[in-house]
Amino acid sequence: MDNADTKRDMDDRTQLNDEELDALATDFIRTAIVEDIRSGRFGGRVHTRFPPEPNGYLHIGHAKALAIDAGIAQDFGGKFNLRFDDTNPVKEEEEYVDGIVNDVRWLGWDFGDEVLFASDYFEQMYAWAEQLIGDGYAYVDDLSPDEIREYRGTLTEPGKDSPYRDRSVEENLDLFRHMRAGEFPEGARVLRAKIDMASPNLNLRDPVMYRILHQSHHRQGDAWHIYPMYDWAHGLEDSIEGITHSLCDLGYRDHRPLYDWFLDRLGIYHPQQLEFARLNMTYTVLSKRKLLQLVQGGHVQGWDDPRMPTIAGMRRRGFPAEAINDFCDRIGVSTSNSIVDVALLEHCIRDHLNESTARVMAVLDPIKVVIDNYPEGQVEWMEAENHPQHPEMGTRMVPFSREVYIDREDFIEDPPRKYYRLAPGREVRLKSAYLVTYKDIVKDVDGSIVEVHCTYDPESRGGEAPDGRKVRGTLQWVSVAHALDADIRLYDRLFLAEDPEETGEEGGFLDNLNPDSLEIISTCKVEPSLEKAKPGDRYQFMRIGYFCTDPDTTKTADEAPVRLVFNRTIALRDTWAKIQTQRP
RNA sequence: UGGGGCGUGGCCAAGUGGUAAGGCAACGGACUUUGAAUCCGUGUAUCGCACGUUCGAAUCGUGCCGCCCCAGCCA
C-alpha cells in the first residue's frame with residue numbers, strides 16, 4: 001500500500017454495521033464487496049467508476065452498468081467516478097462527452113461534480129511504461145501489424161517470439177522515447193509487454209501497450225504521438241483514482257490476468273476487477289456499432305429518436321429516469337448471458353407513469369357527438385380529478401358543451417359481444433360530465449358516420465345518476481368548441497423480431513426493422529388545459545396511454561404553443577384489444 | 001482439437017448438501033366515473049443430460065451435450 005492509499009483509508013472507510021452489510025449482499029458482486037469490507041481489504045472503502053469511451057451515446061445497457069457501478073457506491077456510502085476512457089483519439093469526440101455527462105446526470109447519479117479523463121494520466125502512464133521497460137517487462141517491437149498477427153499464433157497454436165523481443169533495456173528506452181517524440185510513422189513500431197507468446201489466453205501473448213498515432217486528441221491536442229491501449233491503461237487509471245472494485249462486462253474476463261499482471265509488475269495500488277453479464281433485451285439492438293448504423297442509415301432520426309434504446313431516446317420518449325433505474329435493479333446482476341423481455345421495462349415505465357402522471361382527456365380519431373337536448377351555446381366547466389388514486393394532485397376544470405368529440409373506436413353501429421361503449425340503444429358516461437344516451441346517427445354519402453346524436457340526463461351532472469342506475473361504459477371526450485389540435489406520434493417497437501439479429505446475415509438486423517414503428521396522427525383533439533404543456537411534461541391521456549410533450553412543441557412569445565406535439569411513451573394495457581384478437 | 005464464461009417454469013432470477021423465493025409475462029375472478037390502476041387466485045419447474053458420492057444433491061465428483069466470448073497497433 002502506498003501513502004495515498006493509507007490516507008484514503010482514514011478518510012473514506014464505509015460506516016456500516018453487520019446487519020446493514022448483510023442486507024447489502026444481494027448479488028455476487030455486492031457479496032464480494034461485503035467480504036472485502038469485513039476483511040479490511042482496501043481499508044473498508046468502496047470506490048467504483050463508470051468508464052465510457054466517448055465514441056457514441058449511452059444506451060440502456062449502460063444504464064444497467066451505471067446502476068451497478070454508481071448504485072453500489074451509493075448503497076455502500078462509497079465514492080463513484082465518471083471517467084472517460086479517451087485513449088484512442090481517432091474514435092472520440094467532444095460531442096459525445098457532453099452527451100454522456102448529460103445522460104449520467106439525468107439518470108440521477110452523483111459523480112462528485114468532477115468529470116475525469118484517462119488522458120489526464122498520460123504522463124504518469126508514460127513514466128510507468130519506462131519503469132516496465134527498465135525492469136525488462138516491455139520492449140519495442142518493429143514488426144508490422146500483419147506480422148504481429150502472424151506471430152500471435154491461433155486459438156489452438158502457440159505464438160512465437162518477435163525477433164525484437166530481446167532488445168536491451170537501453171535500446172528499448174531510446175526507441176520508446178523517439179516513439180513519443182513522434183519520429184516514426186504510424187504503425188512502424190509498438191511497445192509490447194513481455195509476457196508469454198505461448199499462453200493459452202491470447203491476451204497474454206505480449207499485448208501491445210502503446211501504438212504510434214499522429215492524431216490530435218480532443219483534450220491533449222498534439223501533445224502525444226503515442227497512445228496507450230486499453231489493457232495497459234485501464235488498471236492504471238483505476239489505480240490512480242483509488243478505485244476498489246473495477247466492474248466491467250464479461251467480455252473482459254479474459255483480460256483480468258493482464259489487468260493484474262501490469263499492476264503487480266508496477267507494484268502499485270491494485271483494485272479488484274469483477275465482471276458481470278451485459279444487458280440484452282428483446283426487440284432491440286444494444287451495440288454502439290448497430291445503433292450508429294441506424295442513425296447513419298437514416299432508419300431513425302438521430303441518437304435521440306424516441307424509438308432508440310439510447311438514454312437520450314428514452315428520455316425524449318418520456319421514460320422516467322427512476323423507471324429505467326428501477327428496471328435495472330429488477331433484472332438482477334449475474335454472469336449468465338440472458339435476454340431480458342422488454343415487457344419488464346414496459347411494466348416499470350407504466351408503473352412509474354401511473355403513479356406520477358396527471359390524467360387528461362384527448363381524442364386521437366375524433367367523431368362528433370351532438371347532444372340534442374343540451375342548450376345551444378351553453379358551456380359548463382366540469383371539475384375533473386387529476387389522479388383517481390391521488391386526490392392531493394388536485395382537480396382541473398374541463399369545458400363541456402353541446403358538441404363533443406369522442407374516439408371513433410368508442411362507437412360501433414353494430415357492436416360485438418361484450419362491447420360496452422356507445423352503440424344504438426346504449427347509455428354511457430362522458431367522464432366527469434353526464435350520462436348520455438344514443439339517439440341517432442348521421443352518415444355521409446359513402447355511409448361513413450359523421451355525427452352521433454345523443455340526449456343527456458341533466459340529473460347526472462358529474463357522471464352519476466340520482467336513481468343509482470349503472471352504466472358500463474365511460475368515455476373520454478373533448479368539447480368541440482374548446483378543443484386544441486395536436487400532432488401525436490405513436491411509437492412501436494423498432495424491430496419486428498424478438499431477436500433482430502436472428503437472420504444470421506451480418507448486418508441483417510436491418511431486415512427486421514418494423515416499417516410501422518412510427519405513426520403520426522395530426523387529427524387529434526385535446527382538452528384546453530394542455531395549452532400550457534411544456535416540452536418534457538408527461539400525462540396520461542385517459543383510456544389511451546402515457547404521452548409526453550415533444551421538444552418540437554414550440555412556443556410563441558406569449559407562451560402559447562404554436563403546435564402541440566405529443567409522443568406516446570407507452571400505451572395503457574388494453575384488455576379489450578386482447579379480447580378482440582382472441583375472438584374476432 | 002486452445003482458453004474463459006454460462007445452462008433453475010415463456011423471460012429474468014434467488015438458492016452454495018436437507019427436500020425449489022420473488023418479479024415480468026400468461027390465464028381466471030373481484031372491484032372500478034380510465035375495459036387503466038388496485039386486490040385475490042392459478043404453474044406436478046425431469047433445477048441441460050448421464051452416471052457417481054451421500055441417509056439426503058439444483059447445490060459435491062466424473063463424463064457428455066448446448067450456448068456465448070477471445071486470434072484490433074478498438075474499448
Side-chain angles (χ1 to χ4, degrees), chain A residues 26-27 51-53 55 85-88 90-92 141 143-145 148-150 152-159 186-192 199-205 207-213 226-227 229-231 233-234 248-257 275 277 281-282 288 327 330-348 350-351 354-355 359 361 384-385 387-389 418-421 428-433 435 460 462-464 470-476 498 540-545 571-579:
Chain A
T26 51
D27 58 60
E53 182 185 19
N55 68 344
D85 213 353
D86 55 349
T87 57
N88 184 355
V90 321
K91 293 171 64 184
E92 296 152 8
D141 195 348
L143 254 27
S144 70
I148 285 184
R149 193 182 329 112
E150 286 167 31
R152 183 153 33 224
T154 67
L155 294 178
T156 52
E157 302 162 279
E186 287 189 10
R189 292 179 225 264
V190 291
L191 183 71
R192 290 231 251 170
S199 172
N201 180 346
L202 303 223
N203 298 117
L204 263 21
R205 320 247 261 225
V208 172
M209 296 165 62
Y210 278 96
R211 74 289 216 181
I212 298 169
L213 251 24
I226 55 173
Y227 290 90
M229 297 286 289
Y230 168 86
D231 283 314
H234 204 82
C248 57
D249 77 65
L250 248 22
Y252 294 99
R253 183 62 247 250
D254 292 343
H255 295 248
R256 189 151 108 194
E275 312 83 12
M281 200 163 59
T282 54
K288 279 185 188 171
F327 167 76
R330 293 170 71 151
I331 56 179
V333 182
S334 76
T335 52
S336 58
N337 308 316
S338 57
I339 304 173
V340 176
D341 192 338
V342 71
L344 177 57
L345 208 214
E346 294 173 345
H347 168 81
C348 295
R350 287 196 182 96
D351 204 29
N354 174 48
E355 277 301 306
R359 273 60 173 166
M361 295 197 284
E385 55 190 2
H387 190 122
Q389 280 81 41
K418 285 190 171 178
Y419 182 87
Y420 51 77
R421 279 110 99 146
V428 297
R429 172 165 37 238
L430 295 179
K431 171 81 183 172
S432 302
L435 264 28
S460 65
E464 208 103 50
K470 299 288 183 204
V471 297
R472 193 72 199 277
T474 299
L475 312 181
Q476 87 282 10
E498 213 171 275
Q540 185 199 87
F541 287 2
M542 295 198 79
R543 304 208 309 130
I544 305 174
L572 249 32
R573 287 189 59 202
D574 191 349
T575 308
W576 172 240
K578 203 176 285 180
I579 293 170

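Residue numbers start from 1 in every chain, and the chains themselves are labelled A, B, ... in the order their sequence lines are given, proteins ahead of strands.
Taking atom C1' in both B:rU19 and B:rU54, the straight-line distance is 14 Å, to the nearest Å. B:rA37 and B:rG28 are spaced 15 Å apart, taking the P atom of each and rounding to whole Å. Taking atom C1' in both B:rC49 and B:rA58, the straight-line distance is 14 Å, to the nearest Å. Taking atom P on both B:rU1 and B:rG66, the two are 10 Å apart, rounded to the nearest angstrom. Annotation: B:rG3 and B:rA71 have their C1' atoms spaced 12 Å apart (nearest Å). A gap of 16 Å separates the P atoms of B:rG10 and B:rC27, to the nearest Å. Atom C1' of B:rG63 sits at a distance of 24 Å from the matching atom of B:rC69, rounded to the whole Å. When the C1' atom is compared between B:rU59 and B:rG15, the two are found 8 Å apart, to the nearest whole Å.
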Review point. Should A:H387 and A:R359 be marked as a side-chain contact (heavy atoms from CB on, under 4.5 Å) after you check the CA-CA gap, both sets of side-chain angles, and the distance that decides it?
Key: CA-CA 6 Å; A:H387 190 122; A:R359 273 60 173 166; 3.0 Å; yes
**Study point:** Candidate pair A:Y227 and A:I212, rule side-chain contact (heavy atoms from CB on, under 4.5 Å), full reasoning
**Key:** CA-CA 7 Å; A:Y227 290 90; A:I212 298 169; over 6 Å; no
Check your understanding: Going through the distances and angles, do A:M281 and A:F327 end up as a side-chain contact (heavy atoms from CB on, under 4.5 Å)?
Key -> CA-CA 12 Å; A:M281 200 163 59; A:F327 167 76; 3.8 Å; yes
Practice item. May I have the step-by-step check of side-chain contact (heavy atoms from CB on, under 4.5 Å) for A:E53 and A:D86, ending in yes or no? Key: CA-CA 6 Å; A:E53 182 185 19; A:D86 55 349; over 6 Å; no
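Ranking B:rC73, B:rC12, B:rG5 by closeness to the A:T335 side chain, first place goes to B:rG5. Out of B:rA75, B:rG2, B:rG5, the shortest distance to the side chain of A:E53 is found at B:rA75. Closest to the A:D254 side chain, of the nucleotides B:rG3, B:rA75, B:rC12, is B:rG3.
The CG-C1' distance, from A:D341 to B:rC12, rounds to 9 Å in whole Å. Summarising the geometry, the separation between CG on A:D27 and P on B:rG15 is reported as 9 Å, rounded to the nearest angstrom. Rounded to whole Å, the distance from CG on A:D141 to P on B:rC73 is 11 Å. Taking atom CZ of A:R149 as the reference point, atom C1' of B:rC74 lies 14 Å away to the nearest angstrom. The CG-P distance, from A:L213 to B:rG72, rounds to 17 Å in whole Å. Counting to the nearest Å, the P atom of B:rG5 and the CZ atom of A:R256 are 9 Å from each other. Atom-to-atom, CG of A:L475 to C1' of B:rU32 comes out at 15 Å; the value is rounded to the nearest Å. At whole-Å resolution of the value, CD in A:E498 and P in B:rC12 are 9 Å apart.
Taking the ring pair (Phe, Tyr, Trp, His ring centres under 6.0 Å) definition, one finds that A:Y419 meets it with A:W576, sequence neighbours left out.
Contact between the side-chain N/O atoms of A:S334 and the OP1/OP2 oxygens of B:rC6 is not found at any separation under 4.0 Å. Regarding contacts with the backbone of B:rA75, a side-chain N or O of A:T87 is found under 4.0 angstrom from either OP1 or OP2. Listed pair A:K578 / B:rA26 meets the phosphate criterion, a side-chain N or O lying under 4.0 Å from OP1 or OP2. OP1 or OP2 of B:rA13 has at least one side-chain nitrogen or oxygen of A:S336 nearer than 4.0 Å. Not one side-chain nitrogen or oxygen of A:R253 sits closer than 4.0 Å to the OP1 or OP2 atom of B:rC69.
Residue A:L435 is classed as having no contact, given no heavy-atom separation below 4.0 Å to the nucleic acid. If you check every strand for non-hydrogen atoms under 4.0 Å, A:V208 touches sugar and phosphate atoms only. Nucleic acid contact for A:L155: base, since at least one base atom lies under 4.0 Å from a heavy atom of the residue. Residue A:Y252 is classed as a base contact, given a heavy-atom separation below 4.0 Å to a base. As judged by a 4.0 angstrom heavy-atom cut-off over every strand, A:H255 is placed among the base-contacting residues. Residue contacts for A:I339: at a heavy-atom cut-off of 4.0 Å it reaches the sugar-phosphate backbone alone, with no base atom in range.
Of the two residues contacting RNA chain B, namely A:Y230 and A:E464, the nearest-nucleotide position lying further toward the 5' end is that of A:E464.
No N or O donor and acceptor, one from the side chain of A:N201 and one from the base of B:rG4, sit under 3.5 Å apart.
The two residues A:A384 and A:S432 make their nearest non-hydrogen contact at CB-OG, 3.7 Å.
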Exercise for review: Map every base of RNA chain B to its dot-bracket character, where paired means a Watson-Crick or G-U wobble contact with both distances under 3.5 Å and | marks a partner outside the strand.
Suggested key: .(((((((.[[[..)..(...]]].(((((.......))))).....[[[[[..)....]]]]])))))).....
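Between A:H255 and A:Y230, the ring planes are perpendicular. Angles over 60° get that label, and only those under 30° would be called parallel.
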Point to revise | Base-contact (B) and sugar-phosphate-only (S) positions in nucleotides 35-43 of chain B, heavy-atom cut-off under 4.0 Å, - elsewhere | key: BBB------
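In this structure, B:rG72 is classed as syn because its glycosidic torsion stays within 90° of zero.
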